[in-house]
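Below you'll find the structure, written out as structure tokens, and then a few comments.
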Amino acid sequence: MFDHVIAGVTVVDGTGGPAFVADVGTRGGRIARIGTIGADEESRSREDGTGLMLAPGFVDPHTHYDAQLFWDPYATPSLNHGVTTVAAGNCGFSLAPLNPDRPEDADYTRRMMSKVEGMSLVALEEGAPWNWHGFGEYLDALEGRIAVNAGFMVGHCALRRYVMGADAVGGQPSDEQLDQMLRLLHAAMDAGAWGFSTTQSSTHTDGDGQPVASRHARPAELLALARAVGEHEGTQIEAITAGCLDQFSDAEIDLFAELSAVAGRPLNWNVLTVDAAVPERVPRQLYASERARKAGGRVVALTMPILTPMNMSLGTFCALNLIPGWGPILALPVPERIARLRDPEVRAEMLRRADSKEAGVFRRLAHFGRYVIGDTYSDANRGLSGRVVEDIAAERGQDPFACLVEICAADRLRTVLWPMPTDNDPASWALRAETWRHEDVLLGGSDAGAHLDRMCGAPYTTRFLGDCLRGRRLVGVEQAVKMLTDDPAQLFGLRERGRIEAGFHADLVLFDPERIDAGQATLVHDLPGDSPRLDARALGVRAVWVNGVEAIRDDAVSGAVPGRVLRSGRDTRTVSTR
């Protein structure tokens, strides 16, 4: 007997091969048959898939669902958009291990995650139990409680903090302390951690405003930890440096190549920004992959196939704070901040810094006339929501940045700002399509679970498929599905996931090709403590199954929690670079 049969559905199996019509039956959490299943064959449930497409569950290679899964086992909105497997613990940040002799480390970790990954501090405090110390205990705390499959990297910052305490920020480990970090990393991977993640990015600061712990690590420490990764089956490395935001330095390219080579494991990084206005960026960033292959490693760039909706504000921490020279001004108390922003000389210097080479990818944020006004909070701004700043500035006889400042000042800096992307042009989309074909480029980098009230990258899967089926059609649907399923599954060495194949786990997405898409991002208040986040509805997704159990039907969760904590070795195989 089958558990469920989808009859007459168009199967896009994840291999990139031509779609075909078949019946698909599941049993015991696996795909039992693909072909013909007669109406007289018994099944617990059956549905007609005529006119619909069936794809493997999508795999998101870069999320930060480490905390959210405790209060939201469905990893919304990712699961709604067909994502059945997520990789978390990225960018050097994980919630474990925690030193049992320093209870205050949990508070430090919460404040760091709130600052660096834009998570609600109230949600972190109220929504997770924080009842673990070792990494294995953290994984066990999620086991049997989640609706998606999830794998987790060990964050470098957590390793340093556990061993070095407050000295992790600014200090260097003794030989004994490095040995202890290595023992912790080995123990975590023995328990099922997918590998090791680290950050050297200049944008990553903790809750005290200091560079996060891993930014103080020297290459010898990083290489020692990478070697440990290579001693475990089914493991990976994920790393971030300052150059990920624009263009790598020679030292960063060498570091990535060495980390991957000494581990004998793939290293992935995010995010490769593709913009035809900066044609030299893609070749420079992908030189890291070429250099790694020559050294015996493999470096994979993650890139997003959509332009992620992202809002800004002069009142709260966002990407604007990361523009060189802007952080100190935007950190001032609101009255002082407004006074500084209204100073023409200050604004001129801010604009100069925002358009400088050192601003890197953040130069894209400097076109303030192209911003759209979102929510407003004062009578002075009534009627401005939805309008473009340059139009308002022209009416007022102001330059765009001065106009934007006055609008925000009237709202005591609470105004929501939506920057219009500068790289939404045919040349940039053509360059993206070309870049996606590179063997060391992978779709992903949603940051789902992080920056919750500022960006909404989770729906990239449905928005990309809609674009491929009915929009720009840069790739065919078969290739698009492969890029979202089998390609990331192969990178991570996922066992029997990523394809619709007999015997594989029944992670499946049933969707209407005429409707598949993502709705507009909207702000909702559904986190613990009534904290806000951006959400977007899934359009055209009929149902999502995780391990053969229906988890989503018509954009609503089912109540089931069939997901698994995917552990290295057991659920992943080694993807060697040699």
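- A salt bridge is defined here as a Lys NZ or Arg NE, NH1 or NH2 lying under 4.0 Å from an Asp or Glu carboxylate O, and D179 with R183 fails to meet this definition.
- Judged by the 6.0 Å and 45° rule, R145 forms no cation-pi pair with F70.
- Listed by chain and residue number, W436 satisfy the ring-ring contact (aromatic ring centres under 6.0 Å, His included) test with F464 (two or more places apart in sequence, or in another chain).
- At least one donor-acceptor pair closer than 3.5 Å links the side chain of R30 to the backbone N or O of G503.
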(request) Check step by step if side-chain hydrogen bond (donor to acceptor under 3.5 Å, both in side chains) holds for H156 and S214. (result) CA-CA 6 Å; H156 193 179; S214 64; 4.6 Å; no
(message) Walk me through whether R497 and V59 qualify under side-chain contact (heavy atoms from CB on, under 4.5 Å).
(response) CA-CA 9 Å; R497 298 188 193 274; V59 180; 5.9 Å; no
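- For R499 (side chain) and D13 (main-chain N/O), no donor-acceptor pair under 3.5 Å exists by modelled atom type.
- For D487 (side chain) and L484 (main-chain N/O), no donor-acceptor pair under 3.5 Å exists by modelled atom type.
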(request) Might you work through the salt bridge (Lys or Arg N to Asp or Glu O under 4.0 Å) test for D571 and R495, ending with a clear yes or no? (result) CA-CA 5 Å; D571 300 302; R495 296 184 187 274; over 6 Å; no
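- For the pair N80 and V541, the minimum side-chain heavy-atom distance is 4.5 Å or more.
- Two residues are said to be in side-chain contact when any heavy atoms from C-beta on lie closer than 4.5 Å; H64 and M119 meet this criterion.
- When atom types are taken as modelled, the side chain of S568 and the backbone of A193 share a donor-acceptor pair closer than 3.5 angstrom.
- In this structure, the side chain of R265 engages the main chain of H232 through a donor-acceptor pair within 3.5 Å.
- Contact detail for A96 and G134: the closest heavy-atom pair is CB-O, 4.1 Å.
- S576 and T574 form no side-chain donor-acceptor contact under 3.5 Å, judged by distance and modelled atom types alone.
- Between the side chains of H81 and T462, at least one donor N or O lies within less than 3.5 Å of an accepting N or O.
- The aromatic rings of Y138 and F152 stand perpendicular to each other, their planes meeting at an angle above 60°, with 30° marking the opposite boundary.
- Donor-acceptor pairing under 3.5 Å is recorded for the side chains of D447 and H62.
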(message) Please determine whether side-chain contact (heavy atoms from CB on, under 4.5 Å) holds for the pair L98 and T109, giving the CA-CA distance in whole Å, both sets of side-chain angles, and the decisive distance to 0.1 Å.
(response) CA-CA 9 Å; L98 294 172; T109 300; 3.7 Å; yes
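- Between V274 and the choices R281, Q285, R432, M304, the side-chain contact (heavy atoms from CB on, under 4.5 Å) rule is met once, by R432.
- When the shell of 6.0 Å around CG of N131 is examined, it contains more than 12 heavy atoms from other residues, nucleotides or ligands.
- Contact check on E143 versus R567 returns a salt bridge, with a Lys/Arg side-chain nitrogen under 4.0 Å from an Asp/Glu carboxylate oxygen.
- Residue E280 qualifies as enclosed at atom CD: its count of foreign heavy atoms under 6.0 Å is above 12.
- By the ring-ring contact (aromatic ring centres under 6.0 Å, His included) test, F492 is found to be paired with W194, residues two or more places apart in sequence or in another chain being considered.
- Side-chain atoms of N149 come within 3.5 Å of backbone atoms of R564 as a donor-acceptor pair (strictly under, hydrogens ignored).
- With hydrogens and angles disregarded, no donor-acceptor distance shorter than 3.5 Å links the side chain of T26 to the backbone of G29.
- Closest non-hydrogen pair, L185 versus L225, comes out as CD2-O, 3.5 Å.
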(message) Using side-chain contact (heavy atoms from CB on, under 4.5 Å), reason through W130 and D107 one step at a time and then give a plain yes or no.
(response) CA-CA 10 Å; W130 298 92; D107 178 66; over 6 Å; no
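- Residues E252 and Q247 come closest through the heavy atom pair OE1-O, 4.3 Å.
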